[in-house]
Structures are given as structure tokens and as C-alpha cells.
Amino acid sequence: MLIVVLSGFVLALLAPTLYRLSARWSGCVFSLFPAVLALWFLSHMGEVVGGHGLRFTYPWIPAMGLELSFNLDGLGLLFALAITVVGTLIITYAGSYLHGHPSLPRFYLFILMFMASMLGVVLSDNLIALFVFWELTSVTSYFLIGFEHDKDTARAAALQALIVTGTGGLALMAGVLLMGQIGGSFEISALAADSAAVQGHRLYPLVLALVFAGAFTKSAQVPFHFWLPSAMEAPTPVSAYLHSATMVKAGVYLLARLSPVLGGSDIWLYVVTGFGAATMLASAYQALYQTDLKKILAYSTVSVLGTLTMLLGLGSKYAIQAAMVFLMAHVLYKAALFLVAGSIDHETGTRDVRQLGGLRKTMPIICAGAAVGALSMAGLPPFFGFIGKEALYEALTHDNVLVTVVGVLTSMLLFAVAWLAGIRPFSGEETHTPKHPHDPPWTMWLGPVFLGCLSVLFGLMPALPEKLLSAAAGSVLAKEVHMHLALWHGFNALLVLSLVTFGLGVLVYLNLAKLQKVTEFALPAVRCGPSHWYALWLRFLNWSAVGQTRVLQNGYLRLYLATIMTVTAVLAWYTFLAHGDAGVIEFNWGDIGVHEWVLGLVALAAAIATVRAKTFLRAVVALGVVGYSVALFFVLYGAPDLAMTQFLIETLSLILFVFVFYYMPPFKRFSTRPVMARHAAIGAAVGALFTLLVLVATSVQWHPTISTYFSQNSYLMGQGRNIVNVILVDFRGFDTLGEITVLAVAGIGVYSLIRLRLGKRRDS
Amino acid sequence: MVTDIICAAFMIIGTAFMFLGCLGILRMPDLLTRMQTATKPPTLGVACLMVSVALYFPDIGVTVRVLAITLFVFLTAPVSAHMIGRAGYQVGVKFWKGTVQDDLKDKYRGTSLDS
Amino acid sequence: MTTLAFVLLAVMSLGIVLVFIRLLRGPNIPDRLVALDLLTTVGVGVAALYGIAFDEPVYLDVAIVLALVAFLGTVTFSRYIEKWAHHGD
Amino acid sequence: MEALLAIVIGVLYASGVYMLMRRSIVKLIIGLALLAHGASLLVFTAAGLTRAVPPVIPEGAKAITGTVADPLPQALILTAIVISFGVQAFAMVLAYRAYQTVGTDDLDDMKATDT
Amino acid sequence: MNSLILRTASRFLLILLFQFSIFLLLRGHNDPGGGFVGGLVLAAALTLYAIAYDVRSMRRFLPCRAQTIIAWGLLAAGGSGLWSMFKGQPFMTGQWAHVYIFGLDLHLGTPLLFDIGVYLTVVGVVLIIIISLAEEVEDD
Amino acid sequence: MTVLLWNILLAVSWAALTGEVTALSLAVGFVFGFVILYAVRRLLRPSRYFEKLWQSVRLASLFAWELLLANLRIAYEVATPSHNMKPGVVAIPLDAETDAEITLLANLITLTPGTLSLDVSDDRRVLYIHAMYVDDAEEMVRSIKDGFEKRVMELLR
Amino acid sequence: MNSLIALPILIPLFVGAACVVVWRYVSAQRILTLAGSIVYLAVAVVLLERVASEGIQAVQKGAWIAPFGITIVADMFSAVMIATTGVVTLVIVVYSLGSMDRDREAWGYYPLFNILIMGVSGAFLTGDIFNLFVWFEVLLISSFVLLALGGERAQLEGAIKYVTLNLVASAFFLAAVGILYAMAGSLNMADLSVRLRDVAQPGLVTTLAILFLVAFGIKGAIFPLFFWLPASYHTPPVAISGIFGGLLTKVGVYALIRVFTLLFLNNVDYTHTIILWVGAITMVTGVLGAVAQYEFRRLLSFHIVSQIGYMVMGLGFFTPLALSGTVFFIVHNIFVKTNLFLVSGVSHRFHGTYDLKKLGGLYRAHPWVSMLFLLSAFSLAGVPPLSGFFGKLVLVKAGLGLEQFVVVAAALGVSLLTLFSMTKIWAEAFWKPLPEGTAVNAPGGGLALMLGAIVTLAVLAVVMGVAAGPFFELAQQAGDQLTNPEPYIRAVLGARGGS
Ligand code: NA
Ligand code: NA
């Protein structure tokens, strides 16, 4: 199993290299891989439908609760087959569709990687592993959508898809982690076994919201659906694969997979059903307004995803069964229709339905495939789509009238859409198109034809997929399910509904233009809403980013300093006043000798003189006085070594000052009085802070210092009488080593900075 | 005892000379006259204080250092004065109104330095 | 002797104040420089008095260093003042 | 005594901070120097002051017996002084180079790398 | 702009201060002084000489480039700590040898070598800064 | 010869500085002295030494006397409220030639009564001094030339 | 034997000094530096292995017993940081051999680089708070010089801000150390940890903690103290940007973590809450800053700030899991961020600009370089299964465990925006067709070395993700040691466990 999932990644990485071996037949060669996988999955069909799911566990990062545990049950198998079978057809198709495209090797890389990730999603039992694969599908789809990256629109669409699904992904991540935390395990099977623990927890609504965010964005539920139509910038094989058969179903898959854990509650019911219902109706409606073949299909896909979501929300046995059937039907016809759309685009050079017509003559094989797909989509017998719709109606009628009405309305609209997308380009008169169309090579019609055949076959012999679908529904419902599918149920209410649907559908199609005009008023609300938000969000993001940066990173060093100093002063003062103990401070003015007063005042006056100096030299002289005063303090309090060093260093610093700033212009007064006052206030706050800290430090001593050790051992062990020096070269010689290193680097730095002048050379 | 008295005397004289220099630099009217008072009395003051120190610490090491300091001060103080005076003259500091003679003015045309 | 040294230290401090006033008042840079030079010379004296006051001859070493740096500083400053003068700043 | 020094330290920090916020690059460097003085005086004062007894073990003794100034902060400050000398020397040259290359000492003209 | 008086004085002072700096270096372990102060004094003396004459004249006193002095200083200081590592003791464990010459008990140890490293580094650094800056100013 | 003298001088001063006048400290001092002199060998010129001793004592006593006088005079000037001085810059023609002579002379002048060496002319022929009491400039020039300059030249030649 | 711990400090010192000795012979400097960095890496790996198998290692420098001498101590956190430093150093050296210009090489690049590594290693290994200050200064001065080396205008302007603000931080740091010593009487961090436990005025410790927070916060570039970083990190040559962006800022974070797990635990509710929120705001402001940028390296620089926020957030959570996540995240970030800078250098080689608007077409022209960028960029954005994902995962998990939902939401939002700006680079520099008028340069010599460096780090980003297990176990050990300082204290102070 590990090989099944991971080999895709390995092959993907090798794809660009392998491609060179046989560029011409690369599509066929690479399609062998999913075909083999499909066969492998088919070979396990017996065990799975017999209720003996396969489980494989490999440790990955146990410390993070991350294991590669794969579960092949009905639901997983259904999806895995969809992924591999459609994958086979798509890759075959793409080999021709993108033949000669410079980036074709990379296409294989990403599509194979995507496929492997998708398999990982539908097979993982570990939530974190599932999430890992989930994110990989988002990322690989980013590259697939942006495949034609020379186009601005493709890049924008790729980004949009990534941002929307990425946002959902992050929510899902939080949801997954919370779920694991609440439920005590990251294995879905373990969580499902104890779903009460999760659902009873006070954070359950949060978990639910997060998981929904992930699933709804991925499966393009309203209001997050807008990315999917934009994503039609992708090459058609990608749309066919990702945006009909696989990735967008990942959200639906997630809801199905987690419904034993999270489902069954009222929130689940209302939220999931509500979003699903809104999506199915709104997108079906929007589909009518599209002229781009692929966008029509995209909106219809969104609508179906809504239907599936709604069914998962309802959660009843019928609903789940219907979901499985409907899902399979959709995979079969929608992938086919996308491939058809791609072929039309490829052959005629346009996808605009208004420009297309009469293609049945020039592209007969494609036309056949398209017709089957469209009729199945329209829900007409004897195609599998009809069975799907029947199952849907059965589930809805078992529930309530509202959802039934929504279902019927959606089906009605989709009927018209199916006609628009699958029949209209082939019927009527031939039109003039940019290229002269004819049937594409077999690799490009194989897909629609094969899928069409399956639609017919399953429609006529529904018993064939019955067991698999039962097993899948069983996985969702966590109990054994025995479905019975048939084309003909007798003349009952469902049939009436179907007939009504067809009738209305025909009416809608025939009066499309009028209908469009009548309902136009609702369009902006539906269409512009969410994608407009995205645009707004982008603009807001950019605005706030630029604005924030302009405010914070404004380039004025003094403002940076003012900020830092203010933060320091405010935070430290607040902390001291709120937590500190001001009572410990002892003032002692009595013990100051005259010379100490004088020295202190001189130091103060010199500091102030430095600040107020009007010329550079005055400032330097005053600074020198400050430095010498400091040295004299060292003299006064028993630090001759320090005093000597300070005198020498201060003098050398002054010399450097004079050396360096020899040619600098005289001081100018730049600042206005209020600015200076503000800066003075900041300075005072910081200065007062340090005065305070010194007073505190001199008043408090919690523990005796370690200095006694030095006094005792400096001569005996360090062989020196000057304790300071012994500390410097021995006890704490490491400090000194670092210190002379600093000095050395400073010296070399000055040297190099003075001598190496790339800036000047380039300027001149 | 005698040593102590001599030591104290030198200390007082030395300090007095130094204070004299400090007072002079404040009181004198122009740069060069200030330098006259800032150079000579403090140099002598340091010498006196050094004698006092040498008497106070009867130690050969101290004595040598005292000699070294005295020598150093006597060597450097005039050089400092010379440097400052020259610089002051060159930047064209103004003489006191009572100045009677200036033989140097041909050598430099004083350039004014706004300090 | 120690007491005497302390008293003289106070006198010396007063002297420092006087020099400091000159340092602040200028009016020209050379005036300040003279003041600074004198300040360090006084510092040498203070170090000597301090050594006596606290019976600690190590301050003599400080005095030597102080004398050295005073000279160095003064010389450098004067040199640059001259340079400035010639530079026409 | 600590009280007076605490105020001196506060003023040094305050003036250093104030100077850092000027627009002239030279004042910036002066501000850094003031901060460095403040920091070394702070370390010195905070650890407690002892008048005039250097931490030197007298000739003949094997260890300190009486009260001496705490040697450890002195060693720390010595390290810090030397470090800040090196760093400031570099900062000065950097400022000089910047002045030379940008052609002004006004820091407000040196914000091309931010905006 | 040169001053004869200053030049003559600085020649005398250089000799005296050189000796004083070595004195400070060697006795630093027992009295105030040490590698830093010693190095700074010598550097100050050389700076004085550079100011009195010019940097080129001062450079003639250096046996090698200033950065080489710095490097050897670092190597001496760092190397003084290696000794003990070869003996299996932690880095920078003091190694002392008691040398008896002319009846005098002399303490020679790695901390002294360390201090010499400090001395060399300090001298080298101050000089390299002064040399760079002075030549920059003289170039202009 | 001079080098050797310098070297011995340095060895002795080293011993004195360390406070231990022993064979070892002298030897060490000699070694350091040698190193130092080697390092600064460009500074030294041939010169005589011992015969100068007497002259230097004479010069020193003259100097000490003048120094005391100078300071008392300044003390009077500073301590009294009014200024009685007549300052001025005076040029003194020089007979002294070598660096050492001129420097020593200039230093001595600076430390003595009311006079301060300001500068030496570029051709080393004139010493400019600032004097606080220029009553008679020529008398002043003469006294300096006969006093300090003569003795300095005696000593250093 | 235990001198092993000191070697990461000594090797760069001696190599650096030796490079100065052979100042005129650049090739000798290159060989020395390369050899030194290989030996360093070997030592670092051995040290890591030793710490993993034998526990915390400590050596008393000069054999002076703690807390009187300076202790060098390697717990798992330090050992991991040293090992990371070893890797990055070697990579940068290789990259420098291929990319550094002759001028800078001839004017001290290699010695300065070595000393920088010395300072970084010292900071990671020292057990003494003042010694930490010294190593900070060592790495700062080297970074100052490296930043300004060459003296181009942008470098100088950036360096002034960098130098000033870091020196301010140093002044605060020094003052804080002085006050700490005055009140607690020791400098050894383990000893201080014991001494600060029961004090009469815990509020004063908290006040002091704030001072350390500001000092290290400036150095580590947290909000609102980070201004120097985006002002300067994009100005020097790329190899220098790389080591700065990757390694240098983490030293500040390291110090922050060290003192706030060892010393300042008197009022965790107050201090670590501040840290937590500061972390949250830091990551948001940083990433917003990045969104606004169109200069490759400046964009990366703002991301540094943002990711510092992530690390600081982990400290704010202050649980073993969170600190493990932080350690993991730091290591990941060092590799990945360095690599992104290095990639920017390659793109600069090709087109002579860092401006994303002028760049383009790299994906078409250099697919392998693009893949290398992608691995790092997506790792930075936390895309699974690359290294960044696991760091994020653990931190988010830790935050959720504490029910810090707002902070976690911020972290996730930041992750999204990181992805957003990484894809901006991707879309602009790689996907977009090359705009008219942008130069196309021959890559010149040394490209193979540059790419070799990049490949190494990209592989590491993948390995740290796909095989995150062993790495995370080390991080877990580090996190456990950080939240339970007793073993550290015992290792430093011996059985006494205090003084
Ligand atoms: Na205290
Ligand atoms: Na104290």
C-alpha cells in the first residue's frame, strides 16, 4: 500500500527524465502507471465489498502522532478507482493535447504528484497524514492551474485557488489538531469508534467550523466557489481531472469520511445541508450565463458538489446512498464532457458556445462521447446519470419538501446546462471557427468514449457498480448497506418528478435568452459577491501591508529609536510600578564628600553641555570631560586599572573623533522645538528608568557575590596580586579573549572600510 | 616628624599653585595670558605634590614614579602650551586690548575660527 | 596627613569648578583646550592627593597615564585646530 | 554616594538617548558614546561602591582581608570599555564613510534602504 | 605645519613610553596595569609620534603590517589556552612555571602569554585605525 | 656609544621602576632597553654624555630659580584684582641649532617668568615667545640669549 | 576530552586569525576557511551525538569551578544550534567561494566570517550571562563589518541603522547584566537560576526581565524593535545576507529563550504572556511588511521578522511541546531562509537585479534552480511534507492545547500570507515571462559552487520534513531540557545545585 501511494511521487520526480526517453508516446507510457494502480485496486474489490477493508500502518513521525496508516474501505476504493481510472484516461489524453508544449515534462511531474497526493487523501486513516496529502493536492493544483504561466490570468487564477484552498487547509489543520486533541487519537477509525467523545466536547462546534472551512473551500461551496471557474485557466486535462473528478471532490470526501466522527448533530445537518443546497442552486443558475464551455462545466460541477454536500448533510441512509451513486455518475459524465470541451478547443481554437455549432459532422466520435455525457448529465435514461438523479430524488423526497424543490430546480437547470454544453456545439449549422476542426487522434477521444461507455454500461446494468457503491455508503454510514439500483422502478412519484424536471429543463433551454433577461437582476449578487470579496481582500491586504510598512519601516532612524525607547520606558516603568517594590530604595545623600559632589556636578554639566553644544568641537570636548569624569569616579572608588584604561581609551576616542570628523560639516539645527521636547521627554523617561534601576540595585542584595572567591584565590591559585587583572586573564579570560577579538575585528573593519570603496568607484 | 611637616608643606604649596592656575585661567583676559597661568603654576604644583608623595611613601618604587611623573610633566607641559598657543594664534583668537607688540603677525594671517 | 589631604582635595575640587567654568565659557576652542589640559593636570594632582589620603600609592600610576593622555589629547587637538584654520572652515 | 551617581547615570542615559535621536550622524555617534559611558558607570555603581581601596592583595599577604572594591564589576567594565571603544571606532568610520558616500550628514537623507 | 618642538619631544617620549608600556604589561598581574593599559600606552606614544611627524614615519617602526600584529596577538592569546588542552585539562587552564634565575623566583605562566597577546592586539588595532584614518585624510 | 649610554640608562630606570635593583632586573631592563633602542634607532645621533653633567646641574639650578620667580609673579597677577601686565609677542633670534637645543630652550622659556614659547620660524632662526611684561623687548631678548640659550648650548654641544 | 565543547569557538578563532596572517594570499584564506568549516561541522556533529547520548555537557573554562569561572555548556538546544551553525557555515563558505567578489575577499571577508561564526558559537555555548554579552559583541562587530564591507551606498545606509540599534540593545543588555549581578551576585546562568528562585522582591526580577526582553528583542528583531533588520539585511552581498538572515537573528531568539527558560520564571504569567503577544504581533507585522515588498531580499528580510514571531510565540506558550516546536522551527528556518537568500543571489547572477518586477522567466530558463527555490519557499510557507510544516504543526498544536485560539489564528493567517508572498516571488521571478529590457547575463564562474550550496540546503529542507522524526526527537529533548532546567543546573554546578 505504501508503494501504491508513494510510487506516484517517485515517478513524478523521475517524470521529466523519463519523458526524454519517449517524448512522442509519453502520455501512453505514463498512463500505464495509473492503469496498473487501477488494476491493483480492482483486484482488492472483492475483499473490500466483502466488508474486509485493508489496513496498512507504517510509522512516520510517531512523536507528532503522525503515522502513515492507510485504510482501503468502500469509500476509499470508490475514490481510488475514480482517481486512477480517470487518471489513466487523462494522462493519455494530455500526451496528445499538450504535445509539443515545452512544459509537458513538468506537467507529468505535477499531475502524477497530484494523483499520488489524491490517493493519499482518500486512503489515509491518519488525520495528519490526510492533511499532508490534502495540502499537497492544493499545491500541485497551483502548478497545474498556473501551467500556462506566461498568461497573467493563469497566474492569478492559480494564486486564487491556492489562497482559497490554502485558507481552508489551514483551518482544517487546526480542526484536525483539535479533533485529535479532543478525541485522543489522530486515526479516523479510532475517532469514529468514539464519536460521542468528540461531539460531546465543548470545542466540537469549533472543530466543526474548522473542518467545514477546509471542506467547503476545497469543494468550492458557496461562498468559496469562485475560485473554481477561474481555475479553468488550467489546461483542459487538468480541469477534467482536478476540477471534476478528483480534487474538488476531496472536500466531499472529507465530509463523507468524517461524518461518522462529526456527523449526526444538528449543526452538521443544518450547516452542511444549507451550504450544499445554496451551492447547488446558485451555481446551476450561474452556469446558464456562461459562454465559455469550460466555465459552464465548472459551474455545473460546483452545483453537483453542492448536491453531494447537501446529501452528506442530510446524512440519512438514502441520502448517503444517493450521494455515492450521484458521485459516480458525475465522475463518469463530467470528466468526459471536460475532455470533449478540451478537444473542441484544441480542434476549433475556441470554447465560446456562441461560436460553436454543427461539429457533429467534423468531429463525429467526439460528438458521440459528448452526447452520452450530456444525456447522462441531463439525467436521461438509460444513462447512469438517470439512476443518480433517481437516487437523489428518492433521498430528497424521503426528507422534506424544501430540499426536494431545490433538487428539482437544480436538476432542471442542469438539464438545460447539459444541453448547452454537450449538445449545442454539435447540433445546428456549422459555424466559422479559428481552426478547421476534425476528429482528434485516438488518445484524445479514448477518454470520453470510454467514460461514455461506462455511463451506458452502468446505466443498463446498475448491478455492476452496486456492490462498490454499497460498500462506499457503508463506510460513510458506518454500517452495512445493501443498495439496489435499477433503471426502472416502476411508475412512481420519482418518475413524475423526473418527467417534470425534463419538461422544465427543455423549457428553460428553449427560453434561455428570455430567462437570462428576467433573472439578470439576481446575477450580480450571486456572481460578484465572493470573488469580489477576494479582490477586495487582496486590495485591502496590499493597502494595509503598504500602509503598515510606510508607518513602521519609515526609514527615519530617530523614529525607530523613539519607538524603541518609548517601548522600553513604558514597559519597564509599568512593570516596576505594577510588580516592583519601590519601598526597597534607600536614598543616602549624607555620605557624599565635597570632591564627589564637584565631580558629580561636573559630569552632569558636561553631559548637558555635550547635548547643547553648537559646534562639533565643543561637543567633543564636553564628551571628553564626561569620559574623564567617569575615569575619575573609577579613581575615587578603588579602580585604578579601570581609570587608566578609561583615560587612555577616552583620549584615543577623542583623537579618533577629531580625525574622523575632520571634514564633516558644522552642526545644523534640524529639529523644531516640539520635536526636541518630545525627544527630551523620551530621553528623560529612559534616563529616569536607569536611575531607578541603579537605586534599586544598590539597595537590594539577595545573595552574596561570588567576588569573595576571587579575593581569596587570586594569589593562591591565580598567582597574581592584582585581582582585576587575574580575573581578566585567568578567571574570566574567555571574556577577554572575546573582547580582543572584538577589538581586532573593529580594527580590521576600519581598515577595510576605509580602503575598500566599491561604492565610490561605482558612483564616479 | 620633620618629614611630615615638610611633606605637608609641599602638599599645601603644591595645591596652592594648582589652585592659582585654576583661578588664573578663569581670570585672565585672553588666550595667551590664560595659558601663561595655566601652564606654569600647575606644573610647579604637580612637582610639589610629587615631592610630598615621595616623602609620604618611603619606597624606592614610588620615588622613581614620582620622578618619572615630574620629568614627564616638565617635558610635556611646555610642548602643550606651545601647541595650543600656536594653534590659537593661527586661528586668530583676539588679543587682550592691552597687548603691546606682535612680532608673529607677519608669519600668519590669522583665520578666524568660530568655536 | 590624611585629613589635610582631604581638605586640599576640596580646594582642588573648587579649582576644578573654576576650570570647568572656563571650559564651558570658552569663548574660543583654544580656550577650552587650555582648560581641558589644565583639568587633566589638576587630575594628576588629585591622584597624588588621593594616594596620600587613602595611603594607596597605586594612584601614581593613574597619574602617569593621565599626564600622558593629557599631552596626547592636547597635541592632537591643537594640530587639528591648526588644520581647520588652514582648511578655512 | 550611590544616589548622586544614579542621577549622573540617568542623565548620561537621557542625554545619550536624546543625542541618538538627532538628525546629524555625528551627534548619533556622540549619543552612542554617552550611552557607553552611562552603561559602564551603571555597572560600576550598581554593584556597590567602596572608597579608594583597590582590589590588590598587599605584598606579603595571600588573600584580601579587609574590605576592597568588588573586583568583578571592574573586570566586566574593563571588558565593556574596550569593546565599546572598538565598536565606536568602527561606528565613527562607518558614519564618516556614509557621509562621504551619501554626501550629507543628515540621517533623514539616509533612508533609501527602507522605503 | 610641523612643529620642531613637538617632534623633538615626541622622540624622547616614544622611548620612555615604550619602556613604560612594557613595564605596565609585565607587572599587571600584581599591580594596576596589564596588557590593555600597556598596549594602549604604546599605541598612544606611537600615535603621538604619528601626529608630530606623519604616519609614514611612524609605520617604519612596525616590524610588519598592523593586521599581522593583531593576528599574532590573537593567536598568542588563544594559543595560551591551548597548552592545557593538550594536557587534557579544560581550555585556558593556567600553566605556571617557576623559573629560578640569579636567585630570583620568577612566575612565568600562560596568563602572561595571554596578556602579551592582549598587548599586541591592542597595539595593532589602535595603530591600524590610526594608520587607515590618517592616510585617508592625507590622501584627500 | 650614545646608544650604549641610553641602554644603560634604560636598564637602570627599569630597575628603578620595578623597585628591585637586582642583577636580574638590570639584565631584564638591559634587554628591554636594547629592544627599545633597536626599535627606535633612527631617532638617535652621536653625542657625548658625561661632560655634560656639570652643565646640566647649572642649568637646572638656574631653571629652578626662574621657575619660582615666574610663579610668584603670576600669583601676584592672578590674585590682585587689576591687570598690571603688558603682554606681547616677541621674536628672539636663535643661535641654537639642533632640535634638542631649540626644544630645550623653548621648554625652559615656557616654564619661566611670564614667557611662553609660541613658535619657531620655518628656517629655525627665530623663536617667537609670548611675554606678559614687555617693558623693554630688547632687554628681554638679551637676557634670554645670555641666560638660557647660552647654557643650553653649553650643555648640548 | 570535554574540551570538545570549546572547539566550535576556537576553530573559527584560529582560522580567522590565521587568515589575517595570510592576508595577502586569498586562496590560502579560502582553503583555511573551507577546511575550518569542515572540521567545525565534524566537531558539531560529534558534540550533538555526545549530548544526545550522554546528556548535557559542561566544561569549566580554565578549570575554575562554577559559578566563579566561565562555564561552557552544551545542552540539547545549544548542541542543535551548533550543529545547525556547522551546516550553514559550510554551505555559506562553499557559496562564498563561488560568489564572493575578489575585492571583498581581499579585504578581510574570510577572517570576518570566521570571527562571526566564533561569536555565534560562543553565544550558543556559554553558560555565563556576561560572557554571552561578549560573544554578542563579537558577532555584532563582525556583522557590522561584513554588512558595510565594500562601502556601497545602500550598505552604508543600512549599516548605520543596524549598528545604532544593535548598540542600543548592547547598552541595555550590559546595564541589565550589571544590575542582575548587583542584586543576585553571580553571572553564571545556572547559578543565577538558583539564586533568582526565591527572592524577597520578585517584582524586581520581573522588571529586569523586561530589560532583557527589550535587549534581546532588539537583537532578535521582535515587534516593535525590529526596524534595523529590514533596513539592512538586503544590502550586502548575498552570502552575507544569507548567513545574517539565516543564522544571526536566531542568536537573539536563542538568548531570549535561554534567559526566559532559565532565569526569569518568577512571574511567567506576566512575562511570557507579553512574549506571546509580542510574538503574535511580530509575525503579523513582519508578514504584512513582506507582502508590501517587491524586492527579493527585502521581502525575505521581512519574513525573517515574521518567523521570529513564530519562534517567540513558542516561547510564549512555554510548554515542552511548544519549545520543541520552536527549536525545530528555528533549525528549519535557518536552513530554509539561508537558502532563499542564496537563491536570490543566483537569480541576481542571471539578471543582475533583485527587483521582482524586473525579474522573470526563471522557471522556463532554469527549471532546476526553480525547483530548489520552490522547495525552500514552500518549506518556509509550511507546506507539507517539507520541514516548515512540521514546525508549524507542532507550534499550532501546542497553542491549541493551551486554547490560545487568537494567537493560533494569527499564526495560521501568517502562514497563509507567507505562502502568498512566496508565490508572489514565484509568480514574478519564475513564472512571469522575462520583461523587456532586463539583462540576461552569463552566469560566470562559480555557479556550480553556488548551486551545490543551494542543493544541500534544499535537500535538508526536504529531509527535515520527510524524515522529521529524528530531528523532532532532538527538538523534543531540547524542549524538555528547556522546560526543566534542573539537569542543566546540575551539569553546570555539579551536585551542589547552587551556591
Ligand atoms: Na545591590
Ligand atoms: Na550591591
Side-chain angles (χ1 to χ4, degrees), chain E residues 1-33 38 41-42 45-46 48-50 52-54 56-64 69 99-108 112 116 119-120 123 127, chain F residues 3 6-7 9-20 22-45 94 96-110 116-129 156:
Chain E
M1 201 150 52
N2 54 51
S3 158
L4 181 135
I5 297 173
L6 176 63
R7 288 184 170 189
T8 316
S10 72
R11 265 155 49 193
F12 280 90
L13 286 173
L14 179 58
I15 297 173
L16 287 177
L17 290 173
F18 196 170
Q19 188 183 24
F20 183 57
S21 78
I22 293 178
F23 164 73
L24 282 172
L25 163 70
L26 292 186
R27 67 156 214 177
H29 219 47
N30 288 316
D31 283 297
V41 166
L42 177 57
L46 285 167
L48 179 66
Y49 193 85
Y53 286 81
D54 54 40
R56 255 166 223 117
S57 317
M58 186 265 275
R59 277 180 85 165
R60 288 184 299 147
F61 290 113
L62 304 184
C64 51
I69 300 179
V99 185
Y100 294 91
I101 310 171
F102 303 113
L104 204 90
D105 182 5
L106 212 73
H107 290 220
L108 292 177
L112 184 65
I116 292 172
Y119 179 89
L120 288 177
V123 171
L127 289 187
Chain F
V3 178
W6 259 110
N7 204 342
L9 181 70
L10 286 172
V12 171
S13 66
W14 172 265
L17 270 173
T18 52
E20 303 167 34
T22 63
L24 178 71
S25 67
L26 279 173
V28 170
F30 194 86
V31 170
F32 285 131
F34 183 80
V35 171
I36 291 165
L37 290 169
Y38 182 78
V40 301
R41 61 193 178 282
R42 291 176 197 85
L43 298 180
L44 301 167
R45 258 174 228 157
L94 280 180
E97 278 168 9
T98 65
D99 293 353
E101 285 164 10
I102 297 173
T103 305
L104 186 53
L105 176 63
N107 280 10
L108 293 175
I109 287 172
T110 297
L116 185 87
S117 304
L118 273 182
D119 208 353
V120 181
S121 67
D122 294 337
D123 59 3
R124 301 153 65 116
R125 304 294 274 279
V126 183
L127 177 68
Y128 297 98
I129 66 171
L156 294 181

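Naming convention: chains lettered A, B, ... in sequence-line order (proteins, then strands); numbering from 1 in each chain.
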* To do: Drop me the distance from F:Asn107's CG to E:Ile5's CD1, to the nearest 0.5 angstrom.
  =>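 Going from the CG atom of F:Asn107 to the CD1 atom of E:Ile5 covers 6.5 Å.
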* Which pair of non-hydrogen atoms, one from F:Thr103 and one from E:Ala9, has the smallest distance, and what is that distance? ->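 That closest heavy-atom pairing would be CG2-N, 4.4 Å.
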* Asked: Heavy-atom distance under 4.5 Å to chain F: side chain of E:Leu26, backbone, both or neither?
  ->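 Interface part for E:Leu26: side chain.
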* **E:Thr8 vs F:Ile102, side-chain contact (heavy atoms from CB on, under 4.5 Å): CA-CA, chis, key distance, verdict** => CA-CA 9 Å; E:Thr8 316; F:Ile102 297 173; over 6 Å; no
* **Enclosure of E:Arg7 CZ (heavy-atom neighbours >12, cutoff 6.0 Å)** =>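 Enclosed: over 12 neighbouring heavy atoms sit under 6.0 Å from CZ of E:Arg7.
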* Who passes salt bridge (charged side-chain N to carboxylate O under 4.0 Å, His left out) against F:Arg125, sequence neighbours left out? ->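 F:Arg125 satisfies salt bridge (charged side-chain N to carboxylate O under 4.0 Å, His left out) with no residue once adjacent residues are dropped.
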